Participant: 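I have a structure here, written as structure tokens, and I will follow up with some questions on it.
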Amino acid sequence: MSATPTTTTRAEYCAIACADAWRGNGEVLAGPMGLIPSIGARLARHTFSPDLLLTDGEAMIVGPDGSAEGWLPYRRHLTMVTGGRRHVMMGASQLDRFGNQNISCIGAWEQPARQLLGVRGAPVNSLNNPVSYWVPKHSKRVFVEKVDMICGVGYDSAAAAGPSATRYHRIPRVVSDLGVFDFETADHAMRLASVHPGVTVEEVQEATGFPLALPDEVPCTREPTATELQLIRTVLDPEGRREREVPSA
């Protein structure tokens with residue numbers, strides 16, 4: 001591993017932004033999918049969200065160090081999923097301006113140009129508990145005007161389906177290697193909430209396939225505290241794998 005950087009890297013800003021997705025969630029089950037979201041969830045548990053529940057991905061509730069804290073039988077997991085008590089951070093092959101997500105196919109469903117993971121649990125996740133998204137490489141291929149297939153349900157699709165779909169539906173944030181996004185607009189269109197240091201608003205818009213809603217002033221993603229940086233670098237990811245997922249600009 002190379003020498004410890006003296007400044008915060010892009011990957012570390014991404015981990016901080018992912019951690020903040022679980023800020024104030026209370027005792028809910030975190031469901032991070034991917035390396036940097038997992039670092040973020042564990043960082044949140046270590047610091048400002050001590051009630052957050054983490055799992056080993058199979059059958060156990062675990063502590064921030066991975067030690068078992070309790071058993072999580074499948075029936076209990078399903079109860080949490082269907083009652084809004086889980087907050088997942090999924091990936092996305094495509095995301096549109098209202099938060100519809102596609103991980104199934106590129107092109108027409110009847111004859112796709114590319115077959116991907118499949119719908120998996122995305123509809124259940126997005127309708128029954130809060131779901132955020134992580135995109136390690138922001139581009140117009142991912143941030144599209146309209147997804148080719150809806151897997152994770154966006155705000156417009158949930159509203160069209162009615163109250164049963166909107167009861168627990170919420171997309172707290174989207175984090176990419178360029179910035180942080182939310183849906184805090186009148187029509188729940190994606191808004192640029194912050195840019196990572198070194199990134200401009202123009203660069204983000206250029207890499208996005210639809211017009212982003214913009215606040216009057218777009219801030220930079222917050223700086224990590226000294227404690228947070230120490231945890232990321234020495235406890236959560238001492239091998240520096242985060243830098244391979246999001247290389248420094």
Side-chain angles (χ1 to χ4, degrees), residues 5-24 32-37 39-40 43-44 48 87 89-103 106 126 130-148 152 154-157 170-225 228-229 232 242-249:
T6 57
T7 59
T8 305
T9 67
R10 181 72 60 82
E12 289 164 347
Y13 282 114
C14 291
I16 288 294
C18 288
D20 279 342
W22 285 283
R23 185 181 291 273
M33 300 181 185
L35 173 62
I36 286 182
I39 294 171
L43 180 64
F48 49 75
H87 182 175
M89 182 171 282
M90 290 196 292
S93 300
Q94 291 181 326
L95 273 173
D96 68 26
R97 64 188 305 169
F98 294 108
N100 295 290
Q101 172 243 35
N102 176 23
I103 52 173
I106 302 299
S126 54
V131 172
S132 293
Y133 294 103
W134 160 241
V135 179
K137 191 170 183 179
H138 192 123
S139 74
K140 288 183 177 179
R141 295 178 63 182
V142 178
F143 289 80
V144 298
E145 180 66 35
K146 186 176 178 62
V147 297
D148 292 336
Y155 279 100
D156 58 340
S157 301
R170 187 166 66 89
I171 308 173
R173 64 175 48 197
V174 175
V175 180
S176 82
D177 62 329
L178 298 184
V180 180
F181 309 82
D182 62 28
F183 297 86
E184 300 298 320
T185 56
D187 60 351
H188 292 299
M190 191 182 295
R191 181 183 75 153
L192 178 57
S194 74
V195 292
H196 302 323
V199 179
T200 67
V201 173
E202 291 73 23
E203 286 174 327
V204 178
Q205 184 59 80
E206 178 62 27
T208 305
F210 53 85
L212 289 162
L214 299 174
D216 292 337
E217 187 171 335
V218 180
C220 283
T221 303
R222 76 169 178 89
E223 293 289 333
T225 67
E228 288 171 333
L229 270 184
I232 291 172
R242 62 194 178 278
E243 304 300 332
R244 295 195 290 272
E245 184 167 14
V246 179
S248 295

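Residues: numbered from 1 along the sequence shown. Predicted model, so just to flag it, every value in this text is computed and none were measured.
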Participant: Can you name the nearest heavy-atom pair linking Ser248 to Glu243, along with the distance?
Facilitator: OG-OE1, 3.6 Å
Participant: For residues Phe143 and His138, establish whether the separation of their ring centroids is below 6.0 Å.
Facilitator: yes
Participant: Can you name the closest pair of heavy atoms from Ile232 and Ala15 and give their distance?
Facilitator: CD1-CB, 4.2 Å
Participant: Looking at Ala17 and Val180, what are the two nearest heavy atoms and their distance?
Facilitator: CB-CG2, 3.5 Å
Participant: In the structure I gave you, are the side-chain heavy atoms of Ile171 and His188 within less than 4.5 Å of one another anywhere?
Facilitator: no
Participant: Strictly below 4.0 Å, N to O, side chains only: are Asp182 and Arg173 in salt-bridge contact?
Facilitator: no
Participant: Answer whether the closest heavy-atom distance between the side chains of Tyr133 and Ser176 falls below 4.5 Å.
Facilitator: no
Participant: Would a 4.5 Å heavy-atom cut-off, applied to side chains only, mark Met190 and Asp96 as touching?
Facilitator: no
Participant: Taking side chain as C-beta onward, heavy atoms only, is Trp22 less than 4.5 Å from Pro32?
Facilitator: yes
Participant: In the structure I gave you, are the side-chain heavy atoms of Pro211 and Arg97 within less than 4.5 Å of one another anywhere?
Facilitator: yes
Participant: Mind checking whether His87 and Pro172 have side chains closer than 4.5 Å, heavy atoms only?
Facilitator: yes
Participant: Could you check whether any side-chain heavy atom of Lys146 comes within less than 4.5 Å of a side-chain heavy atom of Gln94, counting everything from C-beta outward?
Facilitator: no
Participant: Show your reasoning for whether side chain to side chain contact (heavy atoms under 4.5 Å, CB included) applies to Leu95 and Phe181.
Facilitator: CA-CA 12 Å; Leu95 273 173; Phe181 309 82; over 6 Å; no
Participant: When rounded to the nearest 0.5 angstrom, what is the spacing between SG in Cys18 and CD1 in Ile39?
Facilitator: 9.0 Å
Participant: Is there a donor-acceptor pair closer than 3.5 Å between any side-chain N or O of Thr185 and the backbone N or O of Ala189?
Facilitator: yes
Participant: Got more than 12 heavy atoms from elsewhere within 6.0 Å of CD, Glu206?
Facilitator: no
Participant: Looking at OG1 of Thr8 and CD of Glu223, how far apart are the two atoms once the value is rounded to the nearest 0.5 Å?
Facilitator: 5.0 Å
Participant: Please name the pair of heavy atoms, one in Gly99 and one in Phe183, separated by the smallest distance, quoted to 0.1 Å.
Facilitator: N-CE2, 3.5 Å
Participant: Once rounded to the nearest 0.5 Å, what's the spacing between atom CZ of Phe48 and atom CZ of Arg23?
Facilitator: 4.0 Å
Participant: State, without any angle test, whether Gln101 and Ser126 hold a side-chain donor-acceptor pair at a distance under 3.5 Å.
Facilitator: no
Participant: How close do Val147 and Asn100 get, counting heavy atoms only, and between which atoms?
Facilitator: CG1-O, 3.3 Å
Participant: Using atom types as modelled and distance alone, determine if a side-chain donor or acceptor of Glu245 lies under 3.5 Å from a backbone N or O of Ile36.
Facilitator: yes
Participant: Could you state the interatomic distance from CZ (Arg222) to CG (Asp20), rounded to the nearest 0.5 Å?
Facilitator: 4.0 Å
Participant: Determine the minimum heavy-atom distance between Val144 and Phe210, stating which atoms define it.
Facilitator: O-CD2, 3.2 Å
Participant: Rounded to the nearest 0.5 Å, what separates atom CD1 in Ile16 from atom NE2 in His196?
Facilitator: 11.0 Å
Participant: Heavy-atom distance under 4.5 Å between the side chains of Val135 and Leu178, does that happen here?
Facilitator: no
Participant: Nearest 0.5 Å, what's the CZ-OH distance between Arg170 and Tyr155?
Facilitator: 7.0 Å
Participant: Begin with the C-alpha distance, continue with both residues' side-chain angles, and end with the deciding distance and a verdict on side chain to side chain contact (heavy atoms under 4.5 Å, CB included) for Lys137 and Val142.
Facilitator: CA-CA 8 Å; Lys137 191 170 183 179; Val142 178; over 6 Å; no
Participant: For the pair Arg10 (side chain) and Val246 (backbone), establish whether a donor and an acceptor sit closer than 3.5 Å, ignoring hydrogens and angles.
Facilitator: no
Participant: With a 6.0 Å cut-off (strictly less than), is the heavy-atom count around CZ of Arg141, excluding the residue itself, greater than 12?
Facilitator: no
